[in-house]
Every structure is written in structure tokens, then in C-alpha cells.
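Have a look at the structure below, then the notes.
As a basis for the values below, the full set of heavy atoms in this structure was taken, side chains included, without hydrogen atoms, waters or symmetry mates. In what follows, chains are A, B, ... by sequence order, proteins preceding strands, each numbered from 1.
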Amino acid sequence: MSDLLANLNPEQLAAVTLPDESALILAGAGSGKTRVLTTRIAWLIQTGQISPNGVLAVTFTNKAAREMVARLEAMLPINTRGMWIGTFHGLCNRMLRAHYRDAGLPQTFQILDTADQLSAVKRLMKGLNVDDEKYPPKNVVYFINNAKEQGLRPAQVEATDSFNRKLVELYEAYDAQCQREGVVDFAELLLRCYELLTMSAPLRAHYQNRFRHVLVDEFQDTNRLQYAWLKLLAGEHNAVFAVGDDDQSIYAFRGANVGNMADFEREFRVRHLIKLEQNYRSHGFILDAANELISNNSRRLGKNLRTDAGHGEPVRVYEAATDTQEASFIVEEIRALLNQGLSRSEVAILYRSNAQSRVIEHTLVNVGLPYRVYGGLRFFERQEVKHALAYLRLIDNPNDDTAFVRVVNFPARGIGARSLEQLADAARLYQCSMAAAVPYTTGKAGSSLGAFVKLIERMRAETLPLSLPETVEYVIRESGLIAHYETEREGEDRIENLRELINAAAAFVGEQGYGLNAPARVIAMAPNATDAPQIDVGGLQILDADTPVADVMTPLSGFLSHASLEAGDNQAQAGQDAIQLMTVHAAKGLEFTVVFITGLEEGLFPHENSAVDPDGLEEERRLMYVAITRAKERLYISFTQSRMLHGQTRYNVRSRFLEELPETSLKWLTPKADAGARWGGRSDNAGWGRDWFGRPGGDEARGYGRGSGGGNGNGGGDRYVGSSGSGRRGADDAYTGNTPLPAYANKQRAAETGFRVGQPVFHTKFGEGTITALEGAGDDARAQVNFRRNGQKWLALAVAKLQPIED
DNA sequence: GGTGTAATCATTTTT
DNA sequence: TGATTACACC
């Protein structure tokens with residue numbers, strides 16, 4: 001045991017050996033968080049406090065889960081296969097498969113990924129004749145997911161106006177459609193599982209008794225539903241070990257609720273809050289910059305990183321004239337570093353938004369430097385792979401209409417839009433899936449549809465004895481997919497990917513311990529199963545409390561889940577030594593010897609859409625904090641005076657975040673222009689992002705090292721003022737928190753406007769919305785507005801131009 | 001039913 | 001600017 005605990009610092013040791021009760025570990029960037037988490041599990045097991053079956057450890061990504069398993073196996077001689085270590089979605093899927101009847105799902109329910117969900121909603125709306133101008137399907141999806149993540153079913157969603165009532169109606173129809181088809185989306189996995197445990201006292205008791213220790217990674221990223229799920233599993237007596245970093249919360253936009261940390265501390269009666277502040281990654285100046293920057297955020301739990309590594313090199317700051325020049329600088333700098341012996345994969349170039357990568361990529365291509373961009377299309381998302389999966393899904397579950405529609409006419413079978421419309425009508429009429437409605441269709445449509453259903457049925461029958469890889473091979477052949485792509489000009493890669501799908505199936509079967517020859521559609525216990533069969537108690541499927549849950553998925557269902565829940569590697573050209581390009585979001589959790597953070601410009605970073613409300617701005621700041629703390633030894637931060645975006649040249653002001661870094665840890669590679677001269681002292685309407693939107697008359701990329709103030713700001717502004725008549729522009733007029741706002745000449749005008757909660761309003765940038773809250777008075781008065789298209793924002797009435805509109 | 005062109009529209013993203 | 005998508009057309 002001393003082995004396990006050796007080399008832990010005092011804070012880490014304290015965390016690992018905490019008593020049997022809930023605890024919150026504030027783990028700073030590079031503080032050994034994963035190590036603490038896995039060592040904690042190993043320690044609990046090794047000291048006999050818990051058996052491996054009694055642990056539930058949950059992460060957000062499959063990668064993190066795999067890493068945890070790998071480290072655990074390295075620490076302890078145990079078989080981790082039956083352990084409940086996985087993502088929220090993966091664990092919920094497992095539970096729902098085990099208790100599919102109690103959860104009200106077919107045994108072979110399918111999982112919709114984001115694209116599937118969107119097409120399901122589109123199909124639904126088409127059938128219901130809903131105006132997709134007024135209700136863009138993407139917004140409907142957002143609405144549904146958001147509701148589910150709040151734990152709300154349609155009946156529980158409050159709808160005050162007709163617009164929202166329609167959305168709720170769509171939500172309800174969507175749920176019914178999913179239920180008919182036997183499919184669940186990502187959010188549904190969590191909500192279903194949560195409801196299953198809520199409604200079934202025996203199941204709840206079972207799992208609560210089993211999982212005495214629940215460990216959570218990246219706790220700051222949990223949403224409301226995930227928090228509720230954890231709380232339910234924890235019950236009254238179990239210990240939840242939550243590890244997270246509020247300063248690295250960068251996913252509020254997708255539902256993450258940092259507030260869960262504070263709630264957790266209170267509701268779980270946390271007595272032990274441990275801060276891991278010793279950083280093992282970055283040199284001193286880099287940490288100084290990170291600490292100083294993040295101290296500008298309010299509402300922090302409070303943490304300061306420290307290192308023994310010494311100051312190291314100062315953070316290099318570079319001002320470029322244009323984005324092209326910024327890229328050239330970076331590439332030249334990298335070439336010099338490589339000449340000094342640095343390897344390419346130790347260098348990362350980070351950016352706020354994907355569009356920024358293009359210029360950098362071009363420059364890299366020009367000098368012939370290999371690079372790798374994160375975040376491309378992933379294996380299971382490829383068109384041909386999705387097609388093959390759709391056939392497999394139909395074999396497993398014929399009612400999956402999303403899969404049906406996807407391949408009913410691919411390869412082409414002469415089934416056109418009119419046939420499908422007729423079929424969809426029949427399905428709606430008889431309240432059944434499209435496959436089931438085929439017999440009700442007539443004429444030519446009926447016969448070609450009938451042939452397709454026969455094809456699927458034949459596939460289903462003939463693959464029954466086949467193993468999973470054999471099934472995949474059979475399907476890509478008999479579906480006609482291979483033949484189809486053989487006739488296509490660039491079909492070779494696609495065929496290659498289809499063959500790769502067979503390999504993926506074989507690998508999956510191997511990893512899961514199903515046995516390579518096990519029939520794909522028979523539930524088979526793992527060969528060395530410690531797993532006990534399910535026992536039926538009063539109609540409930542209950543698992544023996546002392547044994548791991550049986551493998552409850554057939555190889556095929558398991559593989560299809562796997563394909564939805566783990567879309568595969570999203571790095572192009574993995575493997576070779578290459579410069580790493582990615583968004584700051586994608587960089588979270590990674591580290592590099594040398595990091596370039598690019599585009600530190602107002603409007604870009606912080607992004608114009610986020611900078612308008614204080615919470616958004618703080619999240620942007622955390623994003624910058626994440627970016628800075630990726631660097632181990634050398635950090636560059638660059639910004640440009642002008643940048644090509646959406647086909648137009650934008651003129652930028654350097655990011656406020658630069659002013660928030662301690663001068664003592666910086667080294668300006670270009671002369672530092674005075675920010676005051678840029679922002680203040682001008683009587684024209686200068687402001688945040690002013691130059692981002694405005695356009696100086698005429699001059700292209702004005703030369704480097706421009707003097708203070710002068711150049712930008714004049715000229716273009718009126719264009720934006722004009723159209724809406726009464727004054728200020730959109731995005732740069734919102735409340736900006738602690739940061740002083742530029743003095744607007746007509747500030748007081750808007751402040752006098754009376755608003756009320758519930759008041760429908762119009763904003764020139766965000767469109768129509770409803771006021772959901774008001775606070776403050778006079779110049780500080782703020783309104784929270786729920787915009788139809790842009791979600792909730794806090795806006796300062798003194799500067800935001802909100803126009804009341806009629807109800 | 002596949003191909004070509006016009007219109008549209010552009011944070012961040014894992015499951 | 002460039003990628004994606006919708007729709008007209010052959």
C-alpha cells in the first residue's frame with residue numbers, strides 16, 4: 001500500500017485517504033487530478049474498504065474513462081472489466097439495457113446521435129406541417145435537450161406564450177415518436193435512467209447499496225440532470241468524491257452548471273474541501289499569468305496555482321498587422337524551435353474558433369510542416385459508415401425510422417419522396433413505425449417498399465447465426481453498399497472505411513470479451529464471467545447485489561451503442577509527428593511544451609457573442625485560463641490589427657485579457673501600444689469591439705506598429721447606427737461587468753425606458769425575446785432577456801437598445 | 001436521380 | 001471567404 005501513496009504531495013495524499021464521506025476536490029490545472037482520482041479508487045480497494053463492484057466512477061469522455069481504467073489496472077492486479085467506470089451516457093446505457101423493461105424500452109433500443117436527432121425532428125416537423133422558418137429544427141432540438149437536461153418532461157415545461165406552447169407540443173410529439181421507434185437520444189439516456197431509479201424503489205435501493213463510493217471527474221462540467229442522477233445514486237449514505245475545477249468551467253453553453261459545485265458542498269454536507277494547487281506542468285511566469293488573469297473573475301471558489309519549477313521564460317506577446325502575418329510569425333518561430341531539437345508534437349497552436357485555423361494551415365502547408373487539426377469528422381460519423389450502421393440498426397430494431405429513412409433508398413431502389421410521404425402518412429395514421437406501415441401502402445410504392453422490407457427481413461434471418469464481424473461483412477455486401485461505392489468515382493476510401501468497420505466490430509467483440517464467434521444477436525455472458533445472471537423479483541429485473549451486473553447487451557446492440565456513444569477518433573492523420581492545431585476548448589486536459597494562443601482580440605477572444613453578458617465574459621476568461629495553463633515551458637500570445645473574417649477585413653483592438661496579465665511575466669516581442677490611447681480619449685463612438693464591427697474608411701492593412709489611437713474607429717460607424725434609427729449598435733453595447741464601459745453620449749436615454757418582466761422586446765442583434773428578469777436601477781439597471789434565437793442574455797438597459805414590442 | 005448553381009450563413013462540443 | 005444546403009434542371 002505504501003507504493004500506492006508514495007510520491008503524493010500532502011494535499012493529494014489527504015484527498016486520496018479521505019474518510020468514507022462525500023468530499024470536494026478542487027483540482028487546479030496540472031495538479032495531478034486523474035492521479036488522485038485513480039489512486040483514491042485503488043486505495044479504497046486495496047485497504048478493503050470496498051470491492052471493485054462497489055465503485056462507480058464517472059467521466060465525461062470515453063478517453064478519460066479509458067485512462068482511468070488503464071491507470072487502475074497498472075496500480076492493482078484486478079480485472080476492471082465488470083467495473084462501473086465510464087461516461088455518464090455509457091453507464092446510463094448499461095443500466096437501461098439491464099432494466100429495459102422497467103425503463104419501458106425495447107431490449108434493442110437504439111441511440112440517436114446529434115445528427116440522427118436532428119433528422120428525427122425534421123421528419124417529425126414535416127409530418128406535422130410545422131413552419132420551419134418560425135421553428136428552426138435546430139432550435140427545437142435545443143429546446144428539447146435543454147428541457148431534458150433540466151429533468152423536465154413536456155407536461156412539466158412551463159409555457160407562457162403560444163410560441164413556447166408549440167415547442168412543448170413538438171417536444172411531446174418527438175418523445176412519442178422516439179417511443180414508437182424504440183430510440184433514445186443522448187439526453188434521454190440520462191433522463192430515462194434518472195426516472196428509472198426515481199420510480200423503482202427496489203432498483204434504487206439495489207444500486208444505492210451497491211455503489212458505496214461514487215467518484216466524479218470534471219465535476220464543474222456536470223449539468224443539472226447529471227447532478228440529480230448522482231444525488232439519487234448517492235442516497236443518504238454513500239460517499240461522492242467529486243473532483244473538479246471551477247476555473248476550468250468552459251461548457252456552460254451546453255448546459256454545464258458550475259453552481260453544482262456550491263450545491264454539492266451544501267447538499268452533500270461536505271466537510272472536506274481539498275485544494276490541489278501544486279502545479280506540475282507549467283513554469284512560474286506562465287502560472288503567474290494564469291493566476292492573475294483568473295483573479296479578475298468574481299464568483300470563484302478560490303485557488304492559486306504554484307510551482308517548484310522556477311520562473312522559466314516570460315510569456316511572449318506579439319502584435320501582428322494581419323492574420324497572415326500572425327501565422328507567418330508563428331510558423332517561423334516554430335521552425336526555429338524545431339531546429340533547436342523540439343519535436344513537432346510538442347507544439348500546439350490554439351485558437352478560439354475553428355475558422356482561424358485556415359490561415360495557419362495554409363502557412364504550414366507552404367513551408368511543408370506536418371500538422372494535425374483536431375475536431376474533424378469522426379469514424380462513425382462518416383456517411384458510408386452511418387449507412388452501414390443504419391442497416392445493422394434495422395436488423396436489430398426494424399422500428400428505427402431514422403435508420404429506415406436513411407437507407408430505404410440508398411443504394412437507389414426507386415423509392416422517391418412521394419412514396420416516402422405516402423408511407424409516412426400511413427405510419428402516422430396507424431401510429432406505427434414506417435417499416436410497420438409498409439403493408440398499408442399501395443401501388444408501385446407499396447411493392448418497392450415491400451421489397452426493401454423483405455431485404456431487411458432476409459438479412460435479419462440470415463445473420464442470425466453469424467458473429468458480429470460476420471454480420472457486418474454480410475450487411476455491407478448484401479445491402480449493395482459495396483457495389484454502389486465501387487461504381488462511384490471516389491468510392492475507394494468509402495469501401496476502405498466499410499472494411500474498417502468490420503475490423504472495428506472484431507476489435508469491439510474482443511475488447512468486450514464476447515468471444516469472436518459469439519452470435520451477434522444472442523446475449524452471451526463474458527466467458528470468464530464473474531457476472532451472475534439476472535433474477536426476476538416480482539416482475540423487476542434485479543441483479544444480485546454482490547456480483548457485477550451481467551453483460552446485458554448482445555454484441556450487436558453493444559456495438560451499435562458503442563458507435564453512437566463513442567464516435568471514434570476525431571484527429572486526422574493521427575500517429576505522425578505533427579504540429580497540433582485545435583480550439584482552446586479541445587485543448588482542455590492536454591499539455592504541450594510550447595503553446596501559441598492566437599487571435600487575442602476583442603470580439604474574437606473574448607468572443608463578441610459572449611462578451612455581452614458578465615457570465616459569458618467570465619467564461620471567456622476561464623477559456624483563456626485553460627489556454628494559458630496548457631503550456632509547460634514556453635507560451636506565446638498573439639493578436640492582429642486586422643483579420644479576414646467572413647470575407648471581410650475586420651479591424652481589431654487587442655483583447656482586454658492582455659491587460660489583465662501581469663506585466664512582469666510578459667515579454668513584448670513587438671512594441672506595446674498604449675491601450676488607453678486606443679480606448680479612451682476619443683470623442684467619437686469608440687468602444688469594445690467597435691473596431692471589430694466598424695470599418696475604417698479605405699486603408700487596407702495599415703502598417704505595423706501604428707501609433708496610438710489614430711487610425712481605427714472613424715468612418716464606418718454610421719453604417720451600423722443608421723438602420724435601426726435610434727442610436728447605438730447591437731453587440732458592443734451590452735453590460736460588461738467590472739470592466740469600465742466607454743462613455744456613451746446618449747447613455748441615459750435608454751435607461752429611462754420602463755420595462756417589465758414578461759415584456760416582449762426586440763434587440764437589433766439578438767432579435768425577438770422576452771424579459772425574464774430585471775435588476776438594478778438607473779444606469780445599472782439590467783434585464784435578463786430570453787431571446788428566441790439566441791437564448792438568455794443579461795443586458796444593461798443603459799446601453800442595450802431594447803425595443804418593446806406588442807404582445 | 002444525379003448534377004450544377006444560387007442562396008445562406010457562419011463560437012465553443014461530448015455523449 | 002468558404003462550406004453547406006436547397007432547389008432547379010437535364
Side-chain angles (χ1 to χ4, degrees), chain A residues 58-65 86-93 111-117 122 132-133 136-138 142 145 148-149 184-190 193 217-218 221-223 225-226 249-256 323-324 350-359 361-362 374-378 380-381 409-419 484 487-489 561-568 570 582-589 599 603-612 616 619-620 622-624 626-627 643-650 731 789-791:
Chain A
V58 61
T59 63
F60 276 88
T61 65
N62 293 293
K63 191 176 160 205
T87 62
F88 280 100
H89 295 84
L91 296 179
C92 286
N93 180 44
I111 300 168
L112 302 182
D113 68 17
T114 312
D116 295 332
Q117 187 187 23
K122 281 181 180 166
D132 58 2
E133 299 267 298
K138 279 203 178 107
Y142 174 83
N145 290 341
K148 289 188 181 184
E149 280 165 13
V184 297
D185 57 51
F186 288 138
E188 183 73 20
L189 279 173
L190 300 180
C193 188
D217 190 21
E218 304 277 17
D221 287 339
T222 51
N223 63 32
L225 181 53
Q226 286 157 341
S249 162
I250 56 174
Y251 285 112
F253 72 91
R254 66 175 197 213
D323 47 358
T324 326
L350 309 184
Y351 34 82
R352 173 68 240 264
S353 63
N354 287 303
Q356 288 169 258
S357 77
R358 222 187 61 247
V359 175
E361 288 186 64
H362 277 154
Y374 281 61
L377 194 63
R378 296 140 100 206
F380 287 110
E381 291 168 355
N409 198 36
F410 194 99
R413 302 188 174 86
I415 298 170
R418 62 228 164 271
S419 306
H484 172 87
T487 68
E488 221 178 46
R489 293 183 306 282
S561 294
H562 170 80
S564 298
L565 294 178
E566 181 161 13
N570 66 355
M582 66 194 83
T583 63
V584 179
H585 282 93
K588 195 176 127 189
L604 189 59
F605 200 176
H607 196 276
E608 50 180 314
N609 293 356
S610 303
V612 294
E619 178 143 320
E620 293 287 308
R622 291 192 291 270
L623 201 49
M624 184 61 187
V626 167
R643 177 181 297 278
M644 189 68 114
L645 195 73
H646 306 333
Q648 280 199 319
T649 307
R650 308 282 190 129
R789 288 175 172 271
N790 294 287

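- Atom CD in A:Glu133 sits roughly 9 Å away from atom P in B:dC9 (whole-Å rounding).
- Within the structure, a side-chain polar atom (N or O) of A:Arg378 is placed less than 4.0 Å from OP1 or OP2 of B:dT15.
- In this entry the distance linking NE2 of A:His607 with P of B:dT13 reads 12 Å, nearest Å.
- For A:Arg352 and A:Leu565, each mapped to the nucleotide of DNA chain B holding its nearest heavy atom, the one lying further toward the 5' end belongs to A:Arg352.
- When heavy atoms are screened at a 4.0 angstrom cut-off, A:Glu620 is found touching base atoms of the nucleic acid.
- The phosphate of B:dT15 has OP1 or OP2 within less than 4.0 Å of a side-chain N or O from A:Asn62.
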Under 3.5 Å between N/O atoms: give me all the protein pairs with nucleotides 1-8 of chain B, atom names plus distance.
residue : atom : partner  : partner atom : Å
B:dG1   : OP1  : A:Gly414 : N            : 3.4

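- Picking from B:dT14, B:dT12, B:dT15 the nucleotide with the shortest atom distance to the side chain of A:Ser353 gives B:dT12.
- At the heavy-atom level, A:Phe88 lies nowhere under 4.0 Å from the strands shown.
- For A:Thr114 against B:dT13, a side-chain-to-base donor-acceptor contact under 3.5 Å is absent.
- Separation of the C1' atoms belonging to C:dT5 and B:dT12 is 23 Å when rounded to the nearest angstrom.
- Here A:His484 pairs with A:Phe410, A:Pro411, A:Glu488 under the side-chain contact (heavy atoms from CB on, under 4.5 Å) rule; sequence neighbours left out.
- Atom CD of A:Glu218 is separated from atom C1' of B:dT13 by 14 Å (rounded to the nearest Å).
- Under a 4.0 Å N-O distance rule, the pair A:Glu619/A:Arg622 qualifies as a salt bridge.
- A donor atom on one side chain and an acceptor atom on the other are not found under 3.5 Å apart for A:Ser564 and A:Asp113.
- A salt bridge links A:Glu218 with A:Lys588; the closest basic N to acidic carboxylate O contact falls under 4.0 Å.
- Using cut-offs of 30° and 60° for the angle between ring planes, the A:His585 and A:Phe253 rings count as perpendicular.
- Atoms CG (A:Asp185) and C1' (B:dT14) sit 14 Å apart, rounded to a whole Å.
- The CG atom of A:Asn223 sits 18 Å away from the P atom of B:dT13 (whole-angstrom rounding).
- Atoms CE (A:Met582) and P (B:dT14) sit 12 Å apart, rounded to a whole Å.
- An OP1 or OP2 oxygen of C:dG2 is reached within less than 4.0 angstrom by a side-chain nitrogen or oxygen of A:Arg358.
- Contact check, A:Asn354 against B:dT12: a side-chain N or O comes under 4.0 Å of OP1 or OP2.
- The nearest whole Å value for the distance from the OH atom in A:Tyr251 to the P atom in B:dT12 is 11 Å.
- Ion pairing of A:Arg254 with A:Asp221 is absent here, as no side-chain N (NZ or NE/NH1/NH2) approaches a carboxylate O to less than 4.0 Å.
- For the pair A:Phe253 and B:dT12, the ring geometry qualifies as stacking, because the centroid separation is below 5.5 Å while the planes lie within an angle under 30°.
- When the P atom of C:dT1 is taken as reference, atom NE2 of A:His362 falls 13 Å away, rounded to whole Å.
- Side chain to side chain, A:Gln117 and A:Asn145 meet the donor-acceptor criterion of an N or O pair below 3.5 Å.
- Of the listed nucleotides (B:dT15, B:dT12, B:dT14), B:dT12 has the atom at the smallest distance from the side chain of A:Thr583.
- A:Phe186 is not listed as a side-chain neighbour of A:Glu149, based on a closest heavy-atom distance of 4.5 Å or more.
- Separation of the P atoms belonging to B:dT13 and C:dT4 is 15 Å when rounded to the nearest angstrom.
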